[in-house]
Every structure is written in structure tokens, then in C-alpha cells.
S.K.: 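The structure follows.
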Amino acid sequence: MSNSKNISSAEQADDSILAGYAMRNADNGGRIHSEEPHAYRTSFQRDRDRIVHSKAFRRLGYKTQVFVNSEGDNYRTRLTHSLEVSQIARSTARALSLNCDYAETLALAHDSGHTPFGHAGQDALHSLMNPHGGFEHNCQSIRIVTSLESRYPQWSGLNLTRATLIGMMKHGKIYKESDEALQELVSLRAKKGPPLEAVLVDLCDRIAYLHHDLEDGLDAGYLTFTDVLKLKPLKDACSRAQQLYNTDFTEAREPLKIRTVLRLLLNDCITDLIEHSATRIKESGIRTLEDVYSLEKQSVPVSNSADFRDKLSEIHSFLKQNLYSHHAVLKMSVRGTRIIETLFHEYSSLPETMPDHVQKRMEKDGLFRVVSDYISGMTDRFAEKEFLYLGGRRRLL
Ligand code: MG
């Protein structure tokens, strides 16, 4: 996928400080529609900037992570979650001499295909779309950046580099009906393992959501600090906080204690990811990106240590049992599911109620894919507004 002849001096300088196993600008694979290099920004910086300036990215600010946006202003949304993932990804990528801009790009884009109302929204849309090719948020992210975003007169989508598109294909999948140019990338991806930056972003995603879901769950009062401290990693972090801050910690209010303990745990977890990965990379003997591509999944040398993997699993089981299945969270999910089912039924039966520019895509993409695109792109609040309006319970403002 080398494109080394067509890279700028800024990109060459950038590549010179990266490890041999990192994704270099010279390996970006070019763009499906060729473009001249930018005078001041590298290809991956441009990819990142195109994502940041996209409509889909802005809409993440009003999409549910776990808590419905309207429930409180301090809870994570898909947007703040993506920013936290990108912060962790940048820090870890830099420490491992990987490509920070590439990791940041993948982190910022990783949730762009999510529906409103979190995983309940995705599950509802997937079962409605089951007879029509299904719905999956990673496939939808690819569809957004290659087809749905409209910012250029010459082509649809953001025309990202092939390396970014391949890095975004988490399970190496795209929708069956996708363009031929993308099918080629799927075949390429199937022959190779993912770049280390893509593996890293996946791990950072999990680290970010486990920590912030604990914090949001505690803030919401769905979890209690006493229960959370029964988890060994939290108990250990709490003892460390006590040693580090002594009486100040003892006398602190509970919300400050929660944040102190979670901050220490997050920092330890990221440090462990960096240090364990650095050791494993050294031991693995990988030197080039081609070496990375040829690794079997279980030999990819980027991961937390076994000890921290156990700690993260313990937190995940706790959250599954106590937060993700909490009656108040389930109630939000049921409501989101109902809204999506109603909208899907209404737009499928009366496609003329969708905006003209959306209807126009039906000729190429078919009714159901277009309805799925329209609903999945909605924010929670817009979906609710449409639901109330179509049900005759509210005037559209
Ligand atoms: Mg995520």
C-alpha cells in the first residue's frame, strides 16, 4: 500500500520519528480520488480534520453513550466518549512511537456510525434491517465517510486515505452493497492483520468506557461508592489515594473521592498498557509494518498485562450486572427501541415524509438502506421530536 513518491516533506519529517512498525504517511495507500499532498498537514492530519468537521461527528454530541442526553449535562455522550478515547490513544501511541495522528483519526471516527439511544438503538435497527442487509455501527461509520457526508463537489464522502478506511474496518466488514472500490479494501484487510494503531484504539475505547461508565453510574446514583469499592482494582486505587493524599482524601466529599480513585486507576491502566506493550513489542522482534500485517491475532504485541486484563474484566462484569441492566437504564433502552421502531415503520410506509435530499438517495441505495441511514444519523433529541410529531403529540417547531 506504499505511496511514498507522493508524500510531502512534512510527511517525510513526520515518518522519520516513527518506529518502523508504525503506520507511516508513506504507507497511507493514497485516496480513492487522488489529491495533491497538503503543504502544511500530513495525510492523516487531513483525515482527522475531515472527521472533526463532519456533520456526523457534530451529531455525536447529542447521542447516548449509556445515559440519554436529556438525563443530565455531565454524562458522557458519544462525542465526549470519542474525545476521551482519542486522548488516551494519542498518549499511548506517542509513548510507543506509533503514529499519533493516525491513532487519533481512528479514535475520533470509531463511533461515528452509532444510532441514537446507544446499543439499544443499534439492536433495534439491526433487527428491523435484518431482511435488508442488516445494520452495524462499524459498517455504518465506513458508509458515512465514503458516501453519506457531503462536503466536496467532485465526490461523495470525505475521501479519506485507504489506510484510514482499512483501520476503521474493525471486523473487516462493510455492507454487501458497498462500492467496488471499498470491496477491494476489504480483500486487502482480509489478507493482513490490523495496524497496531487500530488495535490500540480498540483497547483505548474499552479503557475509556469502563472508567467513565463507572463515574457516570456513580454520579447518577445507580451505583454506590461502597459497592464499587468491593471491586479489587477500585479498592487498591482507593488505598493508594489514601496514602498519597492522606487526611485531605479522608475529609474530601464523596464526588471528589470518586474522581480521585478513578483518575488513579485510569492512569495506572494506561501506564500498564504502554509499558506492557513496549516490552512485548521488543520481545516480538517486529521491525516493519509488513511484520505487523503478518502477525496472528494472538501474537499482536499491544495489550494490557494479564493482571490489568483481569481488573478490566472484573469492572466490566460489575457494570454489566449493576449498570447496563439497571432498571432505569433498561427503561431508557426500551423507550429508544420504541422510538426507532416507530420511525422505521413510518418512513418505510411513507418515504415522502423524509427530506428531499434523503429521498433522492433511494434510487441508488433502495428504500430500507436510506431509511436506516436517516434514522441512524439522528441525534436522540431529533428522533424524539420526530417520534412525537409523527404520533400527533407535538407540533414540529
Ligand atoms: Mg466507543
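Keep in mind it's a predicted model, so treat the numbers as computed, not measured. Each ligand, and each atom within it, is numbered from 1 in the order the structure gives.
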S.K.: Would you say the side chain of Asp268 lies within less than 4.5 Å of the side chain of Arg240, judging by non-hydrogen atoms?
M.R.: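 Arg240 reaches Asp268 side chain to side chain.
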S.K.: Considering residues at least two apart in sequence or located in another chain, which fulfil the ring-ring contact (aromatic ring centres under 6.0 Å, His included) criterion with Phe368?
M.R.: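 Residues passing ring-ring contact (aromatic ring centres under 6.0 Å, His included) with Phe368: His132.
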S.K.: Starting from Phe225, can I reach Leu319 by hopping between I/L/V/M/F/W/Y residues whose side chains sit under 4.5 Å apart?
M.R.: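 Shared cluster, yes.
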S.K.: I need the full list of side-chain hydrogen bond (donor to acceptor under 3.5 Å, both in side chains) pairs touching residues 315-325, with sequence neighbours left out, sorted by first then second residue.
M.R.: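 Those involving residues 315-325 are Asp213-Tyr324.
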S.K.: Please report the number of protein N, O or S atoms that lie less than 2.8 Å from the Mg ion (ligand 1).
M.R.: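 Step by step: take the Mg ion (ligand 1), keep protein N, O, S below 2.8 Å, and you get 4.
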S.K.: Salt bridge or not for Glu215 and Arg259, using N-O below 4.0 Å?
M.R.: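 Yes, charged N to carboxylate O under 4.0 Å.
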S.K.: With sequence neighbours excluded, give me every side-chain hydrogen bond (donor to acceptor under 3.5 Å, both in side chains) pair touching residues 87-108.
M.R.: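 side-chain hydrogen bond (donor to acceptor under 3.5 Å, both in side chains) check on residues 87-108 returns Gln45-Asp101, Arg48-Glu104, Gln87-Ser91, Arg90-Asp101, Arg90-Glu104.
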